[in-house]
Amino acid sequence: MSERKVVEVSTQEAKRQNEIINILAQRIKGKNLKFCLSTFGCQMNARDSEKIKGMLEQIGYIQTENEDEADFILYNTCCVRENAELKIYGRLGALKGKKRKNPNLIIALCGCMMQQDVVIDTLKKNYKFVDIIFGTYNIYKLPELLQTRLETNENIIDIWDSYQDIVEDLPDARKFDFKACVNIMYGCNNFCTYCIVPYVRGRERSRQASDIIHEIENLVADGVTEIMLLGQNVNSYGKNLEEPMTFAALLKQIAEIEGLKRIRFMTSHPKDLSDELIEVMASSDKICKSLHLPFQSGSSAVLKKMNRHYTKESYLELARKIKTAMPNIALTTDIIVGFPGETEEDFEDTMDVVREVGYASAFTFVYSKRTGTPAAVMEDQIPEEVSKARFNRLLELVNTQGAEILHGYVGQTVEVLLEEVSKGNHEVLSGRTDTGLLVNLPASKELLGQYVMVNIVESKSHYLIGELAK
Ligand code: 5AD
Ligand code: SF4
């Protein structure tokens, strides 16, 4: 489809859904209906949930955190590891009784887990009480699916197996007034052999730079000062656009937007991280000095089996290059332990990388077999007790190192964006440094959303404690 045609289809779709939103709004007016939305998984899902929330609030539904008082319950699901799926099935089991008590309750499931045939078969067989099921490609159709459900009283399953178009300009409900996530691309082409994401989120598709810039300009006009650019692999942004452009070039354009103070992005694949990107990052004060750079395994042999396209040495070299260009940068990462065939030496390579690079924090995972991925049928699956023991050793190293990095901040004065009232203590606000570290400090709620200078007085294992600088 030509670019023009895509834009037309997208505009018509947005118009149609907005019209349905208005019809539904009339229908539920005055009924005081509530929705409860639970989000599982990554930032992509969190962002999708903001769109879902935006559409439902526009219809007139009111959000509640309590499923017992909800008229509409939605789960935005994740399937990246088996545990995530088990959690959903567990929660669904509990919903069955609620539906029996209140037949008017509507239950909807969406997100990555729904893109698997085996899940849909299970739901059809054992969870017939689920009213609406949709996937990752047609979230924008929620108003229409809801309308059909209300009119026909029939269960609806609408799963697509690829994107048709990227629909812009639908309602949106952001969690924060002053910071926002912006999708720059969808899907992934990398097919790491352990990962289900390419199968459930489809091929890579970049949004037009002009749409992204326009969205951010609107956000800034609305009071947003920090944005997080989201993509499964932001470093390959723009490769499939009609007029290709690099992620670094996009960042440069975004950094020119006046009023924007902080730019973050995730996730970066090491194989695609260019010198141009390092240069652009280093030369812009607006681009935060924090980088999430998953290495998954430190063993070149395992990396090859994972289809990651880099080696232990080339990753270490890249990390060195980044730190030379930006000495204060905080690196974070994802690591998988117990990939099929992982030997003790392979695991030691992983520990080496952690020791050598130094991460402010790391997400560590035990390998989880995902049916349909190449790694699921590889020989030498690692016994759980071996993976678990390695996992614990890795976690200990990661935690100790993270705490040391945090300790290095004590005595420094840093700029912090104050983001929320601390859950444990209402007199304390939590915020983040440019390097992405969490800081707690006593401060008044009026300062939420503001940038303040903070003296760091103490470090804990996962956060810093500070005081407002005089
Ligand atoms: N098992 C364990 N961890 C996984 N991840 C992705 N797939 C799997 C799997 N099958 C992890 C990777 C990725 C993060 C989002 O989830 O580390 O970077
Ligand atoms: Fe999964 Fe690899 Fe794509 Fe990340 S880059 S989403 S780990 S396939």
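Numbering of ligands and ligand atoms starts at 1, following listing order.
- In terms of polar-atom proximity, defined here as any N/O pair under 3.5 Å, Arg370 makes no such contact with ligand 1.
- In summary, Glu57 and Lys53 engage in a salt bridge, as defined by a charged side-chain N under 4.0 Å from a carboxylate O.
- Set against the non-hydrogen atoms of Ile336, the atoms of ligand 1 under 4.0 Å away are 3 (N), 4 (C), 5 (N), 12 (C), 17 (O).
- Counting heavy atoms closer than 4.0 Å to ligand 1, residue Thr373 contributes nothing at all.
- When all heavy atoms of Ile216 and Ile227 are compared, the pair lying nearest together is CD1-CD1, 3.4 Å.
- Protein heavy atom nearest atom 18 (O) of ligand 1, with residue, atom name and distance: Asp334 OD2, 2.6 Å.
- Thr246 and Glu276 are linked by a side-chain donor-acceptor pair at a separation below 3.5 angstrom, with hydrogens and angles left out of the test.
- For ligand 2 and Gln232, the ligand atoms under 4.0 Å from any heavy atom of the residue are 6 (S).
- Looking at atom 5 (S) of ligand 2, its nearest protein heavy atom turns out to be Asn190 ND2, 3.4 Å.
- No more than 12 heavy atoms of other residues, nucleotides or ligands shown are found within 6.0 angstrom of CG on Asp161.
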* To do: Could you walk me through whether Cys112 and Met44 pass the side-chain contact (heavy atoms from CB on, under 4.5 Å) test, one step at a time?
  => CA-CA 10 Å; Cys112 296; Met44 284 284 172; over 6 Å; no
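- Backbone or side-chain N, O or S atoms of Cys188 do not reach atom 2 (Fe) of ligand 2 at under 2.8 Å.
- Judged by the shortest distance from any of its heavy atoms, Val197 lies outside the 4.0 Å radius around the atoms of ligand 1.
- Salt-bridge formation is detected for the pair Glu419/Lys179: a Lys NZ or Arg NE/NH1/NH2 atom is positioned less than 4.0 Å from an Asp or Glu carboxylate oxygen.
- Distances below 4.0 Å separate heavy atoms of Val80 from the following atoms of ligand 1: 6 (C), 7 (N), 8 (C), 9 (C), 10 (N).
- Ligand-side atoms of ligand 1 in range of Tyr367: 1 (N), 2 (C), range being under 4.0 angstrom from any heavy atom.
- Cation-pi geometry between Arg207 and Tyr186 is not met: the NZ or CZ atom fails to fall both under 6.0 Å from the ring centre and inside 45° of the normal.
- Closest to atom 9 (C) of ligand 1 among all protein heavy atoms lies Ser368 O, 3.6 Å.
- For ligand 1 and Tyr194, the ligand atoms under 4.0 Å from any heavy atom of the residue are 6 (C), 7 (N), 8 (C), 9 (C), 10 (N).
- Taking a cut-off of under 4.0 Å to the non-hydrogen atoms of Pro198, the atoms of ligand 2 that pass are 8 (S).
- Of all atoms in ligand 1, numbered sequentially from 1 with element shown, those under 4.0 Å from a heavy atom of Gln296 are 12 (C), 13 (C), 17 (O), 18 (O).
- With a 4.0 Å cut-off on non-hydrogen atoms, Val197 touches ligand 2 through its side chain and not its backbone.
- Outside the 6.0 Å centre-distance limit, the rings of Phe295 and Tyr310 are not counted as a close aromatic pair.
- Residue-environment remark: OH (Tyr89) exceeds the threshold of 12 foreign heavy atoms within 6.0 Å.
- Other residues, nucleotides and ligands contribute only 12 or fewer heavy atoms inside 6.0 Å of the CD atom of Glu396.
- Figure legend: Lys305 and Phe339 shown without cation-pi pairing, the cationic atom not lying both under 6.0 angstrom from the six-membered ring centre and within 45 degrees of its axis.
- Among protein heavy atoms, atom 1 (Fe) of ligand 2 sits closest to Cys195 SG, 2.3 Å.
- Residue Asn66 qualifies as enclosed at atom CG: its count of foreign heavy atoms under 6.0 Å is above 12.
- Of all heavy-atom pairs spanning Lys369 and Ala376, the tightest one is CE-O, 3.1 Å.
- Of all the heavy atoms of Arg308, the ones lying under 4.0 Å from any atom of ligand 2 belong exclusively to the side chain.
- Each of the atoms 1 (N), 2 (C), 3 (N), 4 (C), 5 (N), 11 (C), 16 (O) of ligand 1 lies under 4.0 Å from some heavy atom of Arg81.
- Of the protein's non-hydrogen atoms, the one nearest atom 7 (S) of ligand 2 is Tyr194 OH, 3.4 Å.
- Counting heavy atoms closer than 4.0 Å to ligand 2, residue Phe191 contributes backbone atoms (N, CA, C, O) but none from C-beta onward.
- Closest to atom 8 (S) of ligand 2 among all protein heavy atoms lies Cys192 N, 3.4 Å.
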